[in-house]
**Q** 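Quick one: the structure is below, questions incoming.
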Amino acid sequence: MKKLFNNDWVRSISVLLILAVFLGGLLAVLSDVLYVAPEERAERAIKKIYGSTMKYEIELDIDIDADSQPIEYKEIGKINKIYTIQTNGENGYDMLFQSVGFNGYKGGTITVWVKVSVNETTSTYAIDKVLLESYEKQTLMSKLGGDYYNNFCLTDVTTAYKNKEFFTTSKDQVNSNPVSGATYSATAGINAVNCVIEYIGLTYEKGVQNG
């Protein structure tokens, strides 16, 4: 038995087993310590966008409601979260979307937050801010600078939807937002924003028809 434990191979296996048990326990502890509840993640995201804590209502959040499903739009992307934000404006409110765009580089995705200001008096929806949340497989994200996200500002979403003026990387289109050298990543970001245009356009049309 003594010779067995003096064997280098056996000692190495023993050390690995001890490390595996220790690291497994450490990961379990860190998982509890570092866990952030979905509600707190929502509040953090809203504060990051607005710079302060805002009152909000959840219309959709696949992390908070386990029974909810993302709203998918064919092959362009999906919407995971929709919040209604109470602002200080007298004539409306904001809608905040977390949207995922497909068809990026190597089939990857880009996730963005899209802030839409709603004017109830004029029944208009305006995209006034788009912020990057995360991405997968995209290696040229540095090319998608501030101008790229600022170019998504759109004063009348419903008209853009009605006229099929979605964002595109084609330079000769109305809502063009190309990025030289990073077309696939730019396409994923565009698809994420176009999901929001689809959602608002379809929702508005249904409201008019039922109105």
Side-chain angles (χ1 to χ4, degrees), residues 36-65 68-73 76-89 92-105 108-119 124-138 140-158 160-161 166-169 175 177 179 182 185-204:
V36 179
E39 293 83 357
E40 186 174 347
R41 289 203 300 270
E43 292 175 1
R44 288 182 181 181
I46 291 170
K47 188 172 183 178
K48 176 182 177 182
I49 293 166
Y50 286 88
S52 60
T53 302
M54 304 290 289
K55 293 182 180 180
Y56 68 98
E57 294 181 4
I58 299 172
E59 305 295 333
L60 171 69
D61 192 321
I62 63 172
D63 293 331
I64 293 177
D65 183 359
S68 64
Q69 297 294 324
I71 302 171
E72 299 199 21
Y73 295 96
I76 68 168
K78 61 183 179 179
I79 294 173
N80 289 335
K81 303 179 182 185
I82 305 174
Y83 305 137
T84 299
I85 311 295
Q86 297 180 22
T87 64
N88 295 324
Y93 56 93
D94 285 351
M95 297 182 71
L96 187 61
F97 298 81
Q98 189 198 78
S99 183
V100 183
F102 299 159
N103 303 321
Y105 179 65
T109 63
I110 289 180
T111 301
V112 298
W113 288 100
V114 181
K115 185 167 84 70
V116 177
S117 297
V118 183
N119 188 316
T124 54
Y125 299 76
I127 296 175
D128 54 26
K129 183 177 288 187
V130 175
L131 294 176
L132 175 67
E133 167 68 10
S134 60
Y135 55 89
E136 294 181 355
K137 300 181 183 179
Q138 308 309 292
L140 296 173
M141 291 301 295
S142 61
K143 288 184 174 291
L144 306 186
D147 289 343
Y148 172 74
Y149 297 103
N150 291 337
N151 284 340
F152 285 120
C153 291
L154 187 62
T155 58
D156 193 339
V157 175
T158 55
Y161 174 81
F166 294 96
F167 283 99
T168 175
T169 57
N175 289 320
N177 195 6
V179 177
S185 294
T187 297
I190 282 169
N191 284 341
V193 176
N194 284 341
C195 284
V196 175
I197 295 175
E198 286 271 7
Y199 175 86
I200 292 174
L202 288 170
T203 302
Y204 180 79

**Q** Return the minimal non-hydrogen interatomic distance between Tyr93 and Thr87, and the atom names on each side.
**A**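 Residues Tyr93 and Thr87, closest heavy atoms: CA-OG1, 3.9 Å.
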**Q** Quick one: list whatever passes side chain to side chain donor-acceptor pair (under 3.5 Å) with Thr84, sequence neighbours left out.
**A**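 Checked Thr84 against side chain to side chain donor-acceptor pair (under 3.5 Å); matches are Glu59.
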**Q** According to side-chain contact (heavy atoms from CB on, under 4.5 Å), who are the partners of Thr111, at least two apart in sequence or on a separate chain?
**A**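 Partners of Thr111 by the side-chain contact (heavy atoms from CB on, under 4.5 Å) criterion, ordered by chain and then number, come out as Gln98, Val100, Glu133, Ser134.
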**Q** Considering only heavy atoms from C-beta outward, does the side chain of Tyr199 approach that of Ile71 to under 4.5 Å?
**A** yes
**Q** Report yes if some heavy atom in the side chain of Asn80 is under 4.5 Å from a heavy atom in the side chain of Leu60; otherwise report no.
**A**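 When only atoms from C-beta onward are counted, Leu60 and Asn80 do not touch, as no gap falls below 4.5 Å.
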**Q** Quick one: OH on Tyr204 to OH on Tyr125, what's the gap to the nearest 0.5 Å?
**A**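 Taking OH in Tyr204 and OH in Tyr125, the distance rounds to 7.5 Å.
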**Q** Can you tell me how far the OG atom of Ser99 sits from the CD1 atom of Ile110, to the nearest 0.5 Å?
**A**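 Reported to 0.5 Å precision, the distance equals 11.0 Å.
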**Q** Work out which heavy atom in Leu132 is nearest to a heavy atom in Lys48; give both atom names and the distance.
**A**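 Heavy-atom minimum between the residues: O-NZ, 4.0 Å.
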**Q** Give, for atom CG of Asn191 and atom NZ of Lys78, the distance between the pair rounded to the nearest 0.5 Å.
**A** 13.5 Å
**Q** Side chains of Lys81 and Asp63: does their closest heavy-atom pair fall under 4.5 Å?
**A** yes
**Q** Does Tyr161, at its OH atom, have more than 12 non-hydrogen atoms belonging to other residues, nucleotides or ligands within less than 6.0 Å?
**A** yes
**Q** Tyr148: which residues meet the ring-ring contact (aromatic ring centres under 6.0 Å, His included) condition with it, sequence neighbours left out?
**A**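 Residues passing ring-ring contact (aromatic ring centres under 6.0 Å, His included) with Tyr148: Phe152.
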**Q** Determine yes or no for a side-chain-to-main-chain donor-acceptor pair under 3.5 angstrom, with Gln138 supplying the side chain and Tyr105 the backbone.
**A** yes
**Q** Please list, chain by chain and in numerical order, all residues satisfying ring-ring contact (aromatic ring centres under 6.0 Å, His included) with Tyr56, sequence neighbours excluded.
**A**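 For Tyr56 the ring-ring contact (aromatic ring centres under 6.0 Å, His included) partners, ignoring immediate neighbours, are Tyr83.
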**Q** Once you round to the nearest 0.5 Å, how far does CG of Leu96 lie from CD1 of Ile58?
**A**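 Those atoms lie 11.5 Å apart.
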**Q** Are a donor atom and an acceptor atom from the side chains of Ser117 and Asn119 found within less than 3.5 Å of each other?
**A** no
**Q** Under a plain distance cut-off of 3.5 Å, with no hydrogens placed, do Asp94 and Tyr50 share a side-chain donor-acceptor pair?
**A**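 Short answer, yes.
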**Q** Could you walk me through whether Glu57 and Ile85 pass side-chain contact (heavy atoms from CB on, under 4.5 Å), step by step?
**A** CA-CA 7 Å; Glu57 294 181 4; Ile85 311 295; over 6 Å; no
**Q** Is there a donor-acceptor contact under 3.5 Å from the side chain of Asp65 to the main chain of Asp61?
**A** no
**Q** The criterion is side chain to side chain donor-acceptor pair (under 3.5 Å); which residues satisfy it with Thr124, sequence neighbours excluded?
**A** Thr122
**Q** For Ile79 versus Cys195, what's the shortest heavy-atom pair and its separation?
**A** CD1-O, 3.7 Å
**Q** Hey, is the main chain of Thr169 close enough, under 3.5 Å, to the side chain of Asn177 for a donor-acceptor pair?
**A** no
**Q** I'd like to know if the side chain of Asn194 reaches the main chain of Phe167, judged simply by a donor and an acceptor atom lying under 3.5 Å from each other, with no hydrogens or angles considered.
**A**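 Side chain of Asn194 to backbone of Phe167: a pair is present.
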**Q** What is the minimum heavy-atom distance between Ser68 and Ile62, and which atoms define it?
**A**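 For Ser68 versus Ile62, the nearest heavy atoms are OG-CA, 3.3 Å.
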**Q** Between Met54 and Gln86, what is the shortest heavy-atom contact and its length?
**A** CE-O, 3.4 Å
**Q** Do the side chains of Leu131 and Val112 get nearer than 4.5 Å, heavy atoms only?
**A**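 No. Closest side-chain heavy atoms not under 4.5 Å.
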**Q** I'd like to know whether Ile127 forms a side-chain contact (heavy atoms from CB on, under 4.5 Å) with Cys153, so could you lay out the CA-CA distance, the side-chain angles of the two residues, the decisive distance to 0.1 Å, and finally the verdict.
**A** CA-CA 5 Å; Ile127 296 175; Cys153 291; 5.7 Å; no
**Q** Is any side-chain heavy atom of Leu144 closer than 4.5 Å to one of Tyr149?
**A**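 Side-chain contact under 4.5 Å: yes.
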**Q** In the structure I gave you, are the side-chain heavy atoms of Thr53 and Glu43 within less than 4.5 Å of one another anywhere?
**A**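 Thr53 vs Glu43: side chains apart.
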**Q** So do the side chains of Thr168 and Thr187 get within less than 4.5 Å of each other, counting heavy atoms only?
**A**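 In short, these two side chains do not touch, never coming nearer than 4.5 Å.
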**Q** Using the test salt bridge (Lys or Arg N to Asp or Glu O under 4.0 Å), find all partners of Lys129 that sit at least two apart in sequence or belong to another chain.
**A** none
**Q** Looking at side-chain heavy atoms only, is the closest gap between Ile76 and Phe102 below 4.5 Å?
**A**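 They are not in contact (no side-chain heavy atoms under 4.5 Å apart), so the answer is no.
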**Q** Going from NZ on Lys55 to CD1 on Ile46, what distance comes out if it is rounded to the nearest 0.5 angstrom?
**A** 13.5 Å
**Q** So, taking the atom named CG in Asn150 and the one named CG in Asp128, what distance separates them when rounded to the nearest 0.5 Å?
**A** 11.0 Å
**Q** If you measure from the Lys or Arg side-chain nitrogens to the Asp or Glu carboxylate oxygens, is any gap between Arg44 and Glu40 under 4.0 Å?
**A** yes
**Q** Which heavy atom of Gly104 sits nearest to which heavy atom of Ala188, and what is that distance?
**A**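 Smallest heavy-atom distance, with atoms named: CA-CB, 3.7 Å.
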